[in-house]
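This report concerns only the one structure given below.
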Number of protein chains: 2
Amino acid sequence: MFIKIEIDSDVPIYTQLANELIEGIANESLQPGDSLPSVRSLAGDLGINMHTVNKAYRELDNKGIIQIIPKSGAVVSTPTSGEASLLRVETAMRPVIAEAMAIGLSENEIVSMMKELFFKIKEVRP
Amino acid sequence: MFIKIEIDSDVPIYTQLANELIEGIANESLQPGDSLPSVRSLAGDLGINMHTVNKAYRELDNKGIIQIIPKSGAVVSTPTSGEASLLRVETAMRPVIAEAMAIGLSENEIVSMMKELFFKIKEVRP
DNA sequence: TTATTGTTCTATAGTTAGTATAACAGTGTT
DNA sequence: AACACTGTTATACTAACTATAGAACAATAA
């Protein structure tokens, strides 16, 4: 697995895990239809608790990014970008843009930073 | 004051307050050199605790967005966009971009959303 | 059948968020 | 000089969140 967890970070483990999985989907290391490892096996690999992995999975399920099939497993969903998803991303993006503006970045500088991150996330292919 | 707090939100009060102040600076309702209300008076206006306001102020101070003058008050800083600030914004922006990609948004769609938010934040002038 | 799956429940320890009260020392004004 | 106001610090308490742990259940897949 490509997942790294920083145990002594200020960001919760389940959030780190969810973010790493999201990046994996964003750079197509994980593709629609792919099965995720079971909560028990992934927890074992990462040296963390089963329930922590489960919480990360449920978060991604709530966001519609993966689908948890009861008593079976978790599968990467086909991207939809529905109304709820768009609103969620906008809500998350807003304070980041505001902070960028507050430290004096111009619109073009913010766009540049965004594009740079876009390719940094996309180009993790081996 | 232009600040609204949702008391029963899942995002902490001090984070909401910090974000609102950042937006105020971003749209120039608050300009460099402007004094912020005292922690006690703002807490009274918002119906929240003094320490909660203080925590928001200290967070903005740590980010270099305002400057707390000991035993005196808080003042909006002149934007610098130093190395640390840029890194902080990038770190905050990364998971948001990744999630946008994961729900199937293209680079242009993300840029459009970003620009839309940029002007939505900027154009709160009366 | 058997092992594995997500799900649910209880329990515990540590941290964070928020409020509350009090006191201190420097600032600004009168 | 006197006085109100400032941020700062300390303690205390409740509630919620994070993370771990163990156990048990019912459905799935081999």
Side-chain angles (χ1 to χ4, degrees), chain A residues 1 3-22 30 33-77 91-92 95, chain B residues 1 3-22 30 33-77 91-92 95:
Chain A
M1 262 286 162
I3 294 173
K4 294 274 186 300
I5 297 293
E6 293 180 33
I7 205 64
D8 55 346
S9 166
D10 56 335
V11 37
I13 298 175
Y14 75 90
T15 302
Q16 291 183 51
L17 177 52
N19 286 342
E20 297 255 17
L21 290 171
I22 286 175
L30 290 173
D34 284 356
S35 289
L36 294 181
S38 75
V39 292
R40 285 180 175 82
S41 67
L42 184 52
D45 287 354
L46 299 178
I48 61 180
N49 192 273
M50 180 194 79
H51 298 98
T52 306
V53 176
N54 194 253
K55 187 167 187 177
Y57 279 15
R58 278 187 281 111
E59 186 169 293
L60 295 184
D61 184 286
N62 288 336
K63 290 183 176 181
I65 292 176
I66 71 173
Q67 190 179 3
I68 296 178
I69 297 151
K71 315 296 179 188
S72 174
V75 176
V76 178
S77 301
T91 302
Chain B
M1 261 289 161
I3 296 173
K4 294 276 186 299
I5 298 293
E6 292 180 33
I7 204 66
D8 54 345
S9 167
D10 56 334
V11 36
I13 297 177
Y14 74 89
T15 302
Q16 292 183 51
L17 176 53
N19 286 342
E20 298 255 18
L21 290 171
I22 286 175
L30 291 172
D34 283 357
S35 288
L36 293 182
S38 75
V39 292
R40 286 181 174 85
S41 67
L42 184 51
D45 287 355
L46 300 177
I48 61 179
N49 193 274
M50 182 194 79
H51 298 98
T52 307
V53 177
N54 195 252
K55 187 167 184 176
Y57 279 14
R58 277 187 280 110
E59 187 169 291
L60 295 185
D61 185 286
N62 288 336
K63 290 181 175 180
I65 293 176
I66 71 174
Q67 189 180 2
I68 295 178
I69 298 151
K71 315 296 179 186
S72 174
V75 175
V76 179
S77 300
T91 303

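All heavy atoms count here, side chains included; hydrogens, waters and symmetry mates do not. The sequence lines fix the lettering, A, B, ..., with proteins before strands; numbering per chain opens at 1.
Atom pair B/Gln67:CD and D/dT6:P shows a separation of 18 Å (rounding to whole Å applied). Between the CD1 atom of B/Ile7 and the C1' atom of D/dA15 there is a distance of 14 Å, given to the nearest Å. Residue B/Ile69 contributes atom CD1, which lies 15 Å from atom C1' of D/dC5 at whole-angstrom precision. Atom CG in B/Asp8 sits about 15 Å away from atom C1' in D/dA15, given to the nearest Å. Put simply, CD on A/Glu59 is 13 Å from C1' on D/dT18, counting in whole angstrom units. As rounded to whole Å, 14 Å separates atom C1' of D/dT18 from atom CG of A/Asn54. Rounded to whole Å, atom P of D/dC17 lies 18 Å from atom CD1 of A/Ile13.
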Exercise. Before giving the answer on side chain to side chain contact (heavy atoms under 4.5 Å, CB included), spell out for B/Leu36 and B/Leu30 the whole-Å C-alpha distance, their side-chain angles and the decisive distance to 0.1 Å.
Key: CA-CA 9 Å; B/Leu36 293 182; B/Leu30 291 172; 3.8 Å; yes
Quiz item: Going through the checks in order, is the side-chain hydrogen bond (donor to acceptor under 3.5 Å, both in side chains) test met by A/Asn54 and A/Arg58?
Solution: CA-CA 6 Å; A/Asn54 194 253; A/Arg58 278 187 281 111; 2.9 Å; yes
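For B/Ser38, the side chain to side chain contact (heavy atoms under 4.5 Å, CB included) partners two or more places apart in sequence, or in a different chain, are B/Arg40, B/Ser41. Considering only residues two or more places apart in sequence or on other chains, A/Lys63 meets the salt bridge (Lys or Arg N to Asp or Glu O under 4.0 Å) condition with B/Glu99.
For the helix from C/dT1-D/dA30 to C/dT30-D/dA1, the end axes, each set by the C1' atoms of five terminal pairs, are bent relative to each other by 40° (nearest 10°).
Protein chain A contacts DNA chain C from C/dT5 to C/dC9, reading 5' to 3' and using non-hydrogen atoms of the protein with a distance under 4.0 Å.
As judged by a 4.0 angstrom heavy-atom cut-off over every strand, A/Tyr57 is placed among residues making no nucleic acid contact.
The salt bridge (charged side-chain N to carboxylate O under 4.0 Å, His left out) contacts involving residues 5-19 of chain A comprise nothing, where partners must be two or more places apart or lie in separate chains.
The distance from atom OG1 of B/Thr15 to atom CD1 of B/Ile5, rounded to the nearest 0.5 Å, is 10.0 Å. Atom CD1 of residue B/Ile48 and atom CG of residue B/Leu17 lie 5.5 Å apart, to the nearest 0.5 angstrom. Going from atom CG of A/Leu42 over to atom CD1 of A/Ile3 covers 5.5 Å, rounded to the nearest 0.5 Å. A distance of 12.0 Å separates CG in B/Asp34 from CD1 in B/Ile66, rounded to the nearest 0.5 Å. Atom OH of A/Tyr14 and atom CG of A/Asn19 lie 10.5 Å apart (nearest 0.5 Å). The CD atom of A/Glu59 sits 7.0 Å away from the CD1 atom of A/Ile22 when rounded to the nearest 0.5 Å.
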Quiz item: Quick one: what's the B/S/- string for nucleotides 23-30 of chain D, heavy-atom cutoff under 4.0 Å, read 5' to 3'?
Solution: -B--SS--
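Here A/Lys55 reaches the OP1 or OP2 of D/dT18: one of its side-chain N or O atoms lies under 4.0 Å away.
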